[in-house]
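Written below as structure tokens is the structure these notes are about.
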Number of protein chains: 2
Amino acid sequence: MGVIRKTKSVETLLAIFENNKDAVSAVQLIDLLKEKMNKTTIYRILERLQNDGIVHSFMDKDGLKWYATCHGCSAKQHIDIHPHFQCQNCGKVDCLSVDIKIPMIPNRQINFSQVLLIGKCESCL
Amino acid sequence: MGVIRKTKSVETLLAIFENNKDAVSAVQLIDLLKEKMNKTTIYRILERLQNDGIVHSFMDKDGLKWYATCHGCSAKQHIDIHPHFQCQNCGKVDCLSVDIKIPMIPNRQINFSQVLLIGKCESCL
DNA sequence: ATTACTTTTGCAACCAAGTTGCATTAAGTA
DNA sequence: TACTTAATGCAACTTGGTTGCAAAAGTAAT
């Protein structure tokens with residue numbers, strides 16, 4: 001497990017997550033930062049941030065990867081599990097701070113869950 | 001909206017879904033049927049079956065597309081919404097017949113949801 | 001059956017997201 | 001300053017899925 005060095009690229013990405021309550025997709029980041037860093041670098045930094053409990057990732061309705069800031073997570077474990085919402089009109093995704101009850105499933109061990117609610121956001125209604 | 005013709009390829013796919021309670025991924029189908037039909041054909045038939053309410057599709061934890069038989073759906077609407085379970089060890093996915101309560105979210109219109117529970121299946125425990 | 005019409009299929013080429021290998025560069029440390 | 005190791009850029013690659021188009025196969029009427 002490599003140590004995370006505070007490189008310019010890492011700072012740049014951290015700044016984006018700090019100023020952003022919504023989730024951000026890898027594709028958006030690659031486009032946003034295409035002048036500043038390579039897409040490989042972006043993917044690799046995101047992976048490190050995730051391993052360190054700083055961000056979490058999830059898949060959207062189209063199978064694209066999104067990232068958002070974690071709250072209360074660490075390298076040891078991700079405890080900040082919550083549903084995400086995606087607007088089927090504009091594609092925007094955000095984290096929802098509601099609690100979803102995951103039922104017990106017989107004969108299976110549930111470790112975590114991905115809940116994606118799909119609909120229309122406020123500005124697309 | 002084209003009529004679905006009962007071609008050999010369609011029959012083959014329908015037979016697979018009939019004999020299969022679990023979900024099947026597009027990749028699995030392509031591999032399974034690689035001697036019998038083209039992958040383009042598989043994707044197109046799956047799309048038609050979905051439009052007709054015969055199967056439903058969803059994304060797994062890695063962003064791959066999975067399909068499973070619908071119950072009580074039609075071309076008009078998909079009412080068979082339920083969570084799915086994926087084993088993080090063997091990758092198998094199945095449909096769960098439990099009801100998950102989706103909370104009201106202020107200022108948003110929720111149209112449907114994708115719930116994926118991730119853990120270990122019976123044979124991988 | 002034959003014809004005419006429309007859907008379906010195969011193929012090849014393509015696209016986009018994400019990954020890998022490797023040489024180079026930049027952090028952290030003594 | 002020099003050393004060690006992590007981080008980066010680049011190009012090439014992998015993979016899941018899509019598109020355009022000509023050829024083949026369903027379907028229904030004659």
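Computed from a predicted model, the values in this text were never measured in an experiment. Note that these values count all heavy atoms, side chains included, but never hydrogens, waters or copies made by symmetry. To find a chain, count down the sequence lines: A is the first, B the second, and so on, and within it residues start at 1.
Checking dC11(C), dG16(D), dA17(C) against every side-chain atom of Asn38(B), the shortest atom distance belongs to dC11(C). Considering only the side chain of Ser9(A), dT8(D) comes nearest among dG17(D), dT8(D), dA17(C). Comparing dG18(C), dA6(D), dT7(C) by their closest approach to the side chain of Ala26(A) singles out dG18(C). For Val27(A), the listed nucleotide lying nearest its side chain is dA17(C); candidates were dA17(C), dG9(D), dG16(D). Listed candidates were dG17(D), dT8(D), dT5(D). Nearest to the side chain of Val10(A) is dT8(D). The listed nucleotides are dC10(D), dA25(D), dG28(C); the one nearest the side chain of Lys6(A) is dG28(C).
Taking the six-membered ring where the residue is Trp, Tyr67(A) and Phe17(A) present perpendicular rings, their angle passing 60° and hence far from 30°.
Put simply, Thr7(B) has no side-chain N or O that comes within less than 4.0 Å of OP1 or OP2 on dT7(C). Thr41(A) has no side-chain polar atom (N or O) that falls below the 4.0 Å cut-off from OP1 or OP2 of dA7(D). One finds a side-chain N or O of Tyr43(A) lying less than 4.0 angstrom from the OP1 or OP2 phosphate oxygen of dG18(C). Contact between the side-chain N/O atoms of Thr40(A) and the OP1/OP2 oxygens of dG9(D) is not found at any separation under 4.0 Å.
Donor-acceptor pairing under 3.5 Å, judged by distance alone, is present between the side chain of Lys39(B) and the base of dG17(D). Checked by distance alone, Arg44(A) brings a side-chain donor or acceptor within 3.5 Å of a matching partner on the base of dG9(D). The base of dT8(C) does not come close enough to the side chain of Arg48(B) for any donor and acceptor atom to sit less than 3.5 Å apart.
At a threshold of 4.0 Å, the pair Asp94(B)-Arg108(A) counts as salt-bridged, since one of the basic side-chain nitrogens sits closer than that to a carboxylate oxygen.
Put simply, NZ on Lys8(A) is 15 Å from C1' on dG9(D), counting in whole angstrom units.
Within a 6.0 Å radius of CG in Asn19(B), other residues, nucleotides and ligands contribute more than 12 heavy atoms.
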